[in-house]
Chemist: 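Let me give you the structure first, and then I'll get to my questions.
The shown structure was predicted, so the numbers you read here are calculated from the model rather than taken from an experiment. Naming convention: chains lettered A, B, ... in sequence-line order (proteins, then strands); numbering from 1 in each chain. For the numbers below, each heavy atom of this structure counts, side chains included, while hydrogens, waters and symmetry mates do not.
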Amino acid sequence: AQSVTQLDSQVPVFEEAPVELRCNYSSSVSVYLFWYVQYPNQGLQLLLKYLSGSTLVKGINGFEAEFNKSQTSFHLRKPSVHISDTAEYFCAVSDSGGYQKVTFGTGTKLQVIP
Amino acid sequence: NAGVTQTPKFQVLKTGQSMTLQCAQDMNHEYMSWYRQDPGMGLRLIHYSVGAGITDQGEVPNGYNVSRSTTEDFPLRLLSAAPSQTSVYFCASSRQGAAEQFFGPGTRLTVL
């Protein structure tokens with residue numbers, strides 16, 4: 001079985017400051033890792049994904065994440081946040097074969113303060 | 001392309017009533033899934049399908065039925081609604097062999 005832990009339920013940060021949203025996972029098999037973003041009253045949208053290869057993954061809107069296999073982490077970072085980044089962010093993990101059942105974390109609400 | 005569409009956007013039911021949440025995708029994706037989202041719990045998989053005629057249970061299937069008669073459609077049926085089914089429901093689709101899921105806008109369901 002796989003699981004995802006997002007330790008921070010809410011992260012307030014001032015506009016133009018850097019931010020890191022933490023994600024740790026557990027799995028006994030090879031995994032794919034994702035970050036999704038959910039703006040208010042909308043569905044989820046893929047921010048970035050790690051399937052294989054380079055452990056530093058760049059996504060949309062200036063976000064990036066680094067896969068660290070030894071620490072089983074996939075933290076999301078942005079060097080300078082904007083008001084428009086205010087949203088809820090979900091880390092997710094899936095098996096790398098067949099139908100990839102996706103397990104989601106509980107989400108981190110990013111609040112950007114003007 | 002409309003992507004993944006869901007109807008209705010909002011629904012209020014009384015305990016014991018039944019209803020069907022509709023989901024359709026126009027991307028010819030093989031895989032489709034239903035999730036429910038509850039505060040502080042992330043998204044939990046209810047049922048999924050890997051192709052027309054093939055469905056399976058997810059993490060929280062009790063009280064829900066699904067069928068997949070076509071590639072495009074994947075309706076979710078609530079057999080006898082309970083207040084514990086008050087939630088936001090999301091449908092998602094993905095291409096076989098690809099990892100990215102595409103989500104619909106969601107249906108907000110309240111059961112009184």
Chemist: In terms of hydrophobic clustering (I, L, V, M, F, W, Y; side-chain heavy atoms under 4.5 Å; direct or indirect links), are B/L45 and B/F102 co-clustered?
Modeler: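 No, separate clusters.
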Chemist: What closest approach, in Å, do B/Q37 and A/F90 show between heavy atoms, and which atom pair accounts for it?
Modeler: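 In this case the closest contact between B/Q37 and A/F90 is NE2-CZ, 3.2 Å.
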Chemist: Which heavy atom of B/F90 sits nearest a heavy atom of A/Q38, and at what distance?
Modeler: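 Residues B/F90 and A/Q38, closest heavy atoms: CZ-NE2, 3.3 Å.
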Chemist: More than 12 heavy atoms of other residues, nucleotides or ligands under 6.0 Å from CD of A/E15: is that the case?
Modeler: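 Above 12, so yes.
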Chemist: For the hydrophobic clusters of this structure (ILVMFWY residues joined by side-chain heavy atoms under 4.5 Å, transitively), does one cluster hold both A/Y32 and A/I60?
Modeler: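 The answer is no; the residues belong to distinct hydrophobic clusters.
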Chemist: Only counting residues at least two apart or in another chain, list the ones meeting salt bridge (Lys or Arg N to Asp or Glu O under 4.0 Å) with A/R22.
Modeler: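 Salt bridge (Lys or Arg N to Asp or Glu O under 4.0 Å) list for A/R22, sorted by chain: A/D8.
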Chemist: Looking at every heavy atom in both A/V102 and B/Q101, which two are closest together, and how far apart are they?
Modeler: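 Closest approach of A/V102 to B/Q101: CG2-NE2, 3.1 Å.
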Chemist: Hydrophobic clusters here meaning ILVMFWY residues chained together by side-chain heavy-atom distances under 4.5 Å, can you tell me if B/V88 and A/V37 are in one?
Modeler: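 No: no chain of side-chain contacts under 4.5 Å links B/V88 to A/V37.
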Chemist: Does any heavy atom of chain A fall under 4.5 Å from the side chain of B/R44, the backbone, both, or neither of them?
Modeler: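 Neither; nothing under 4.5 Å.
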Chemist: Would you say B/F10 ends up clustered with B/V4 if hydrophobic residues are merged whenever their side chains have heavy atoms under 4.5 Å apart, either directly or through other cluster members?
Modeler: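 Result: no, two separate clusters.
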Chemist: If you look at every heavy atom in A/K101 and B/Q57, which pair is closest and at what distance?
Modeler: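 Scanning both residues, the minimum pair turns out to be NZ-O, 4.0 Å.
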Chemist: For A/Q6, which atoms come within 4.5 Å of any heavy atom of chain B: side chain, backbone, both, or neither?
Modeler: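 Neither part.
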Chemist: Counting heavy-atom pairs under 4.5 Å to chain A, which of B/E59, B/M41, B/R108, B/E30 comes out on top?
Modeler: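 Greatest number of close heavy-atom pairs with chain A: B/M41.
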Chemist: Any chance CZ of B/R77 has more than 12 other-residue heavy atoms, nucleotides or ligands included, within less than 6.0 Å?
Modeler: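 Yes - once you tally the heavy atoms of other residues, nucleotides and ligands closer than 6.0 Å, there are more than 12.
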Chemist: Heavy-atom pairs under 4.5 Å with chain B - which of A/L46, A/N41, A/L51, A/V4 has more of them than the others?
Modeler: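 Looking at each of A/L46, A/N41, A/L51, A/V4 in turn, A/L46 comes out on top.
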Chemist: Which bit of A/L44 comes within less than 4.5 Å of chain B, counting heavy atoms only: side chain, backbone, both or neither?
Modeler: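 The answer is both parts of A/L44.
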Chemist: Nearest 0.5 Å please: distance from the CZ atom of B/F103 over to the OH atom of A/Y36.
Modeler: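 The distance works out to 5.0 Å.
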